[in-house]
Amino acid sequence: MSQTSEVFIAKSTIKAQDLEHRRKILFNIGRYNAVVPQGKMQFENVHLARERAKNAKWRSIENLDQQLEEFERVFTKRGGKVIWAENTAQAIDEIISICKNKKCKTIVKSKSMVTEEILLNDAMEKNGIESIETDLGEYIQQLDGEAPYHIVTPAMHKSKEDVAKLFAEKLGTDPHLSPEQLTLVARNILREKYVEAEVGVTGANFIISDIGAVAVTENEGNARLCAAFPKTHIVIVGIEKMIPTVADLSLFWPLLSTFGTGQKITVYNTIIAGPRQAHETDGPEEMFVILLDNGRTNILNNPVQRESLYCIRCGACLNACPVYKNIGGHAYGATYSGPIGSVITPHLQGMDDYKHLSFASSLCGNCTEVCAVKINLHELLLDNRAQSVEEGFTTFTERMAWKLWKTASLNRSMMNMGTGSFKNKVVNGLFKDWKKHRGELNFSPKTFNEMWKENLNQKGKHP
Ligand code: SF4
């Protein structure tokens, strides 16, 4: 068993028994569940909208190389700079090098899972650059020294009392502040940082091929400030975020907001197409877009798993997953948690270390049911399981146990050998791990053949 798998089992065992954790999660997901159906009512036919979005993503992903080049061509025409990063190390090197050129001491950043993926804040700290999270949920998590708990709502596992206590400990505020007062405290601190920062870093929800721009969706306006206040704006984005045309946003924006938070449309939706132009008054002097691969082309190479690149990170599958609701986001030990995280992490970070995530699923299919772009998540989880077995990532004991089971199942005389209690002893002895969280397997005292004969005898028939 890999170390990551052992840590996952240990953390999830603790969280699954933590009733206070479950109460907070169910409370927050309950609020989400109450509003999503209302948001869906804005679509005349929500299934058709999801189907169309899936088709648009299919077009983008099937022609990703051309779409990325088209984006680069148009974006650079307006003075933007595009950087291609194959992995975390290249992305970090590029960001550090830009920051050093600008003599940057502070960056302000908006919420971005890709920056979590490359551990940007840690890299900044090592290079003596202050990195400030400006999304309120991310700011709370940064104060607490924790990674985001959820891809849309980073501090979902904290109550308002937890946040008030955290602010009191870290910022010396009154421990009984209301959510509004806490927001004002964060806002006052952050406003100064926007003015100080030499560089702003954001992610992007979509890369738009035809107009050579990125689209950023947010509820707080902080991403706009990160993009427009500092003299330099760096966007870091996974290459799969591509959509073919700007017109597709009329479909993706409402889908993202409804499936993400239940809103009809998110409060701020911004399209950024380059640095400030000669006739413009706002915006950065320089703008870079870093297109990050970091394992995504592994997924692109896999004809079955390719569908997972359609994900728009709405978070709906996390909120619907019975496993996520019990073990929470941190137990996964990966940037992307929940069903979509369990699908893509083995391909982004290695099958051997992360295959266990695909096995930690009830395969109930609820994730597929709720997915904004109709990704067949539960089938992809099954496919990951099959791939991990084909690639030989199973233990010797497991392989032997299945071999024995198959041989016995195909051989009636072997099945008839021994009494029920003998079989109980052998099988329960072999499958020790199975018994840790379940009752023992209990064989019938009589074999199937014996019962069949008895049944026929009772009916006066002879075998
Ligand atoms: S897989 Fe689907 S439901 Fe899950 S985050 Fe992505 S788009 Fe949303």
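Here the structure is a predicted model, which means the values were calculated and not measured. Atoms within each ligand, like the ligands themselves, are counted from 1 in listed order.
Every atom of ligand 1 is numbered from 1 in the order shown, and the set under 4.0 Å from a heavy atom of C317 is 1 (S), 3 (S), 4 (Fe), 5 (S). Less than 4.0 angstrom separates some heavy atom of R313 from each of these atoms of ligand 1: 5 (S), 6 (Fe). Atoms of ligand 1 lying under 4.0 Å from any heavy atom of I340, numbered from 1 in the order shown and given with element: 1 (S).
With respect to atom 6 (Fe) of ligand 1, the closest heavy atom belonging to the protein is C311 SG, 2.4 Å. Counting protein heavy atoms only, atom 7 (S) of ligand 1 is closest to I312 N, 3.5 Å. In terms of protein heavy-atom proximity, atom 8 (Fe) of ligand 1 is closest to C314 SG, 2.4 Å. For atom 2 (Fe) of ligand 1, the nearest non-hydrogen atom of the protein is C371 SG, 2.4 Å. The protein non-hydrogen atom at the shortest distance from atom 5 (S) of ligand 1 is G315 N, 3.2 Å.
Here the CG-CG distance, from L256 to N269, works out to 8.0 Å after rounding to the nearest 0.5 Å. Rounding to the nearest 0.5 Å gives a distance of 9.0 Å between NE2 of H21 and CG of L26. Between the CD1 atom in I236 and the CD atom in E117 there is a gap of 8.0 Å [rounded to 0.5 Å].
Within the 4.0 Å heavy-atom criterion, neither part of L318 lies near ligand 1.
Using a 30° and 60° split on the angle between ring planes, F75 and F71 fall in the parallel class, below 30°. The aromatic rings of Y149 and H330 sit perpendicular to each other, their planes meeting at more than 60°, with 30° as the lower class boundary.
Ionic pairing of R313 and E240 is present here: one or more N-O contacts between side-chain nitrogen and carboxylate oxygen are shorter than 4.0 angstrom.
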